[in-house]
Amino acid sequence: MSLVELNDVVKRYGQHTVLNGVSLSVDKGEIIAIIGRSGSGKSTLLRCVNGLEPIQGGSVTVDGTVVNDPGTDLRKLRQHVGIVFQSFNLFPHLSVEKNITLAPKVVKHVPSGEARRLAENVLRKVGLAEKIDAYPDQLSGGQQQRVAIARSLAMQPDLMLFDEITSALDPELVGEVLKVLEEVAREGMTMMLVTHEIGFARKVASRVVFMHEGRIWEQGPAAATLGSPRTPELETFLSAVLH
Amino acid sequence: MIREFTFIDFLYLLAATRWTLALTAVAFAGGGLVGLTVALLRVSALAPMRWLAGLYVLVVQGTPLLVWLFVFFFGLSIFGIAVSPWIAAAASFSIYAGAFLGEIWRGCLQAIPRTQWEAGGSLGLSFVQQLRYIIVPQALRLAIPPTVGFLVQLIKNTSLAAVIGFIELTREGQLTTASTFRPFTVYLTVAAIYFALCFPLTQWSRRLERRLHVAR
Ligand SMILES: Nc1ncnc2c1ncn2[C@@H]1O[C@H](COP(=O)(O)OP(=O)(O)O)[C@@H](O)[C@H]1O
Ligand SMILES: [Mg+2]
């Protein structure tokens with residue numbers, strides 16, 4: 001059974017239909033790159049997967065849990081679904097360690113000593129072991145984003161969502177974050193990532209999903225889909241992002 | 001019998017200042033409880049609660065504090081409920097401070113970006129956990145300067161309690177004036193005492209505010 005199952009999902013803001021019948025299934029271990037123009041509904045799609053946005057039609061299922069069911073305990077679901085945002089969203093009043101250990105301690109009741117080791121572990125993974133006692137405003141954008149990834153990893157999720165996590169970074173900082181992402185991918189994490197880094201998508205993703213006007217316009221294996229687009233919309237989009 | 005304004009009178013004024021401070025403290029504590037409730041309800045996900053808290057603020061901010069003092073002190077006695085000036089003042093000032101502190105603190109809570117809530121929620125934290133560990137600690141830093149500022153207002157406004165016979169600094173000033181007939185000296189002294197209470201707080205609030213801006 002697939003880990004994520006979107007079935008004819010409809011999402012509206014008032015009269016404005018943002019997702020217009022989106023169906024997608026993601027298997028364990030798959031890495032889905034979601035691409036598309038700004039405003040095509042990519043972020044909304046991700047946010048529906050962990051229940052940050054309620055939907056108006058269709059269904060979203062993650063690991064057998066129906067996300068859009070009002071009876072679903074979203075807090076439980078979110079312990080298994082990590083999300084990393086474009087704007088990092090670290091907690092500015094907490095040290096790197098506390099940023100990472102807050103949820104394990106409060107939500108999973110991991111004891112303090114163990115939580116510290118957990119923080120050390122995930123920080124080593126993102127190459128920031130020495131920053132454990134720093135505060136977010138003492139870190140570069142790239143480092144902050146790596147901490148955000150570490151914070152998400154610390155919950156040991158089964159699925160990770162990444163929403164344009166390199167878009168707010170200076171160009172010279174993008175590489176270090178993508179490297180971490182690649183590392184996470186290599187360890188077999190199931191990932192859905194919205195990105196404008198087409199080269200990265202081609203290299204890492206198992207499948208590419210092209211969103212256009214609130215629909216999945218085209219999808220398929222990364223190399224084939226990006227190499228020979230079947231729709232003029234994807235062709236136009238690709239030529240625009242690749243200059 | 002008219003007598004001089006002497007050092008003893010000054011001491012009496014200082015003694016009455018204790019009641020100004022006591023009323024301020026009670027109003028701040030009571031208002032703080034009410035205000036905290038109002039602020040939390042105003043950011044809660046439950047629309048009727050938000051609405052109710054909003055209505056409370058609207059009503060209290062739209063009516064003079066003096067009228068509340070009269071309602072509690074004179075109004076309730078109509079129903080045979082004898083209310084001491086202390087109780088009437090404490091209740092009125094708590095209601096009043098609750099509305100204003102509630103608004104101040106709501107503003108501080110809402111000044112924390114929505115993305116901070118989302119980050120907490122996405123990690124599996126409950127509403128209360130998000131408030132406690134993420135939102136309130138950040139809002140607290142923002143809240144201190146305006147809260148101290150309001151405290152200064154509160155100290156000065158306790159003088160209104162004089163009209164229902166609550167003997168605090170201003171009322172003591174009136175009594176002293178009546179027996180010495182030295183309104184200028186007496187009220188200048190009263191003003192000086194208020195200033196001595198408020199000035200350090202105002203300075204403190206300014207310093208906190210400056211520090212907050214630097215930290216940004
Ligand atoms: N909270 C919101 N309220 C109203 N409209 C929104 C909201 N969030 C997103 N939208 C609209 O939904 C559409 C899709 O947004 P989004 O999913 O963020 O697109 P993308 O991530 O592909 O750029 C846009 O037209 C955007 O203006
Ligand atoms: Mg987006």
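Below, read A as the first sequence line, B as the second, and so on, with proteins coming before strands; counting in each chain starts at 1.
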Given a strict heavy-atom distance threshold of 4.5 Å, which part of [X] is in contact with chain B: side chain, backbone, both, or neither?
{"X": "A:L74", "answer": "neither"}
{"X": "A:F91", "answer": "both"}
{"X": "A:V81", "answer": "backbone"}

* Examine distances only and state if a side-chain atom of A:H93 and a backbone atom of B:I135 form a donor-acceptor pair shorter than 3.5 Å. =>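 Answer holds: no.
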Got a sec: does the [atom1] of [X] have more than 12 other heavy atoms crowding it under 6.0 Å?
{"X": "A:K108", "atom1": "NZ", "value": "yes"}
{"X": "B:F70", "atom1": "CZ", "value": "yes"}
{"X": "A:K105", "atom1": "NZ", "value": "yes"}
{"X": "B:W204", "atom1": "CH2", "value": "no"}

To the nearest 0.5 Å, how far apart are [atom1] in [X] and [atom2] in [Y]?
{"X": "A:Q79", "Y": "B:S122", "atom1": "CD", "atom2": "OG", "value": "12.5 Å"}
{"X": "B:R114", "Y": "A:N89", "atom1": "CZ", "atom2": "CG", "value": "10.0 Å"}
{"X": "A:R75", "Y": "B:F127", "atom1": "CZ", "atom2": "CZ", "value": "12.5 Å"}

* **Within-4.5 Å side-chain heavy-atom neighbours: B:L123 and A:V107** => no
* Taking side chain as C-beta onward, heavy atoms only, is A:F85 less than 4.5 Å from B:T115? ->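 A:F85 vs B:T115: side chains apart.
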* Contact leader toward chain A among B:Q129, B:R132, B:E118, where contacts are heavy-atom pairs under 4.5 Å ->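 Of the options given, most contacts go to B:E118.
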* To do: Check B:Q116 against A:P92 and note the closest heavy-atom contact, atom names and distance.
  => OE1-CD, 3.5 Å
* **Contact listing (chain B partner; residues 31-59 of chain A; heavy atom under 4.5 Å)** => A:R47, A:N50, A:L52
* Asked: Can you name the salt bridge (charged side-chain N to carboxylate O under 4.0 Å, His left out) partners of A:R116, sequence neighbours left out?
  ->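 Residues passing salt bridge (charged side-chain N to carboxylate O under 4.0 Å, His left out) with A:R116: A:E97, A:E120, A:D133.
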* **Most contacts with chain B, counted as non-hydrogen pairs under 4.5 angstrom, among A:L102, A:D73, A:L161** => A:L102
